[in-house]
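The shown structure was predicted, so the numbers you read here are calculated from the model rather than taken from an experiment. All chains are named by letter (A, B, ...) in the order of the sequence lines, taking the proteins before the strands, and each is independently numbered beginning at 1.
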Amino acid sequence: MPVLSNYWFDDPDFRGNTTFMSIRHPAGVWAWINWSNIGSKDSTLVWEREDREIVIDLTPQVDTGRIRTLIDRMMGSSARRTSGISAGWIPWKYVPYHYNRPGWNDLDLLVKIFFRFHVDTPWYCTDADGEIAYYVRFSLTVGGSLRARVDGWSYDYDGGGPFCTGEINSRLNASIPGGMRTLQTELDNALTLFSDFRFDLVYLLPGSGNTSGTGSVNVNNRCSLALLPRP
Amino acid sequence: MATNNQMAGEVIQKLENCLKDLKIKSETQSNKDQSIIYGKFSLDKEHYQLVIHIRKEDFVPVTKAGGGAEIKSGEADDEGITPNLNFQSMASRVKAYSEEDGLKIKNQFLEKAKERLSKLDY
């Protein structure tokens, strides 16, 4: 029996803290969704989820010892990772390097893989703390094969003043863009699992993609990859 | 700043001389937008840090950056579907299966995936 999943987002354009509810729902009948105290929400989504749906919670896939080690090695002495690795969704229009791109829509969803970092500075500057992110675009080929491409990177931090931001930026610019290749290699390796399969649809779901009950999650920090395999 | 702004360079020089006269050991760093003079000294058993920061008034420090990967020619030629929130564009591509068939497809996928995972060295 299909599952009807409802998502209510704190922010416009389906972002931020997300309250969700999933109920089994046959065709031809009303679905009862009683929210007496949903709070202030700025966007909602509903999806009817097929019985053949495959869901992959992405954060546990990226926040592994192996990938943490790869990231730490990639950053070297430029910065120190201070959090685990998260994977959330982000509409294209909110990606920091967004531009008008042929064939892309502002509400195309990328997966943002990110972590916090710290940079020690000399005593006459404040230390820097911020976030480094990579953006991944999943897709199906016309033939139904699953692809994942690292589309870009970004960093954003506080501190480093009054004089050290230039040096911090130089070090980050020298190491962060190169991480795209490392991440792409990891994705390519992971996708070999799917090389023999073909799919009708690929989409993202907030959180772990729960199929029953209620809960809340911040979709900016956690999302799942959903696939509809062909027989 | 110190190289193309004579006035600022003179100010820095005078400050350095002043600190030297006060017997405060200091160092100076400069780039095209700002300079910093810094040092430490002690006075009456108290320890002090000194930082003098000179910058152009309209200078805004950059603390964020980002960029896209190079797009190879033809890379997206066979791109069919990507996750998006444009529901209408996705709906027409999906064939509906009965609950029984849907579960069968899912279970077949999981069995094959498990078998494949056991063979992959990953």
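Residue Leu110(B) touches chain A through its side chain alone, counting heavy-atom pairs closer than 4.5 Å. Neither the backbone nor the side chain of Arg181(A) comes within less than 4.5 Å of any heavy atom in chain B. Of the atoms belonging to Met1(A), heavy atoms from both backbone and side chain fall under 4.5 Å from chain B. Within the 4.5 angstrom heavy-atom criterion, atoms from both the backbone and the side chain of Pro162(A) approach chain B. Interface remark: Lys104(B) contributes no atoms to any contact with chain A (heavy atom separation under 4.5 Å). For Gln184(A), no part sits under 4.5 Å from any heavy atom of chain B, backbone or side chain. Both the backbone and the side chain of Gln29(B) come within less than 4.5 Å of a heavy atom of chain A. With a 4.5 angstrom heavy-atom cutoff, Leu204(A) touches chain B via backbone and side-chain atoms both.
With respect to the salt-bridge test (charged N to carboxylate O, under 4.0 angstrom), the residues Glu186(A) and Arg66(A) qualify. With salt bridges taken as basic N to acidic carboxylate O contacts below 4.0 Å, none links Asp33(B) and Arg55(B). A salt bridge is defined here as a Lys NZ or Arg NE, NH1 or NH2 lying under 4.0 Å from an Asp or Glu carboxylate O, and Asp151(A) with Arg137(A) fails to meet this definition. Using a cut-off of 4.0 Å between Lys/Arg side-chain N and Asp/Glu carboxylate O, Lys56(B) and Asp58(B) are scored as not salt-bridged. Contact check on Arg116(B) versus Asp196(A) returns a salt bridge, with a Lys/Arg side-chain nitrogen under 4.0 Å from an Asp/Glu carboxylate oxygen.
The side-chain hydrogen bond (donor to acceptor under 3.5 Å, both in side chains) with Thr121(A) is formed by just one residue from the set Thr165(A), Thr126(A), Asp127(A); it is Asp127(A).
For chain B, the option among Phe199(A), Trp123(A), Phe14(A) with the highest count of heavy-atom pairs below 4.5 Å is Trp123(A). Highest contact tally toward chain B, considering only Ala128(A), Pro2(A), Ser154(A), is held by Ser154(A) [criterion: heavy-atom pairs under 4.5 Å].
The aromatic ring centroids of Trp47(A) and Tyr203(A) lie less than 6.0 Å from each other. No close placement of the Tyr124(A) and Phe163(A) rings is indicated, their centers lying 6.0 Å or farther apart.
Between Ser139(A) and Thr82(B), the side chains place no donor N or O within less than 3.5 Å of an acceptor N or O (distance only, hydrogens not considered). Side chains of Ser26(B) and Glu16(B): a donor-acceptor N/O pair is absent below 3.5 angstrom, by distance only. A side-chain donor-acceptor contact under 3.5 Å links Ser5(A) and Arg49(A).
Gln49(B) CD: more than 12 foreign heavy atoms inside a 6.0 Å radius.
The interface of residues 59-68 of chain B with chain A, defined by heavy-atom distances below 4.5 Å, comprises Pro61(B), Val62(B), Thr63(B), Lys64(B), Ala65(B), Gly66(B), Gly67(B), Gly68(B). Residue-level contacts of residues 90-112 of chain A with chain B, in order of numbering, are Tyr97(A), Tyr99(A), Arg101(A), Asn105(A), Leu107(A), Asp108(A), Leu109(A); threshold 4.5 Å between heavy atoms.
At a threshold of 4.5 Å between non-hydrogen side-chain atoms, the residues Asp10(A) and Thr18(A) do not count as touching.
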**OP:** Just do the side-chain contact (heavy atoms from CB on, under 4.5 Å) check on Ile132(A) and Tyr157(A) with the steps written out, would you?
**Re:** CA-CA 9 Å; Ile132(A) 290 169; Tyr157(A) 64 88; over 6 Å; no

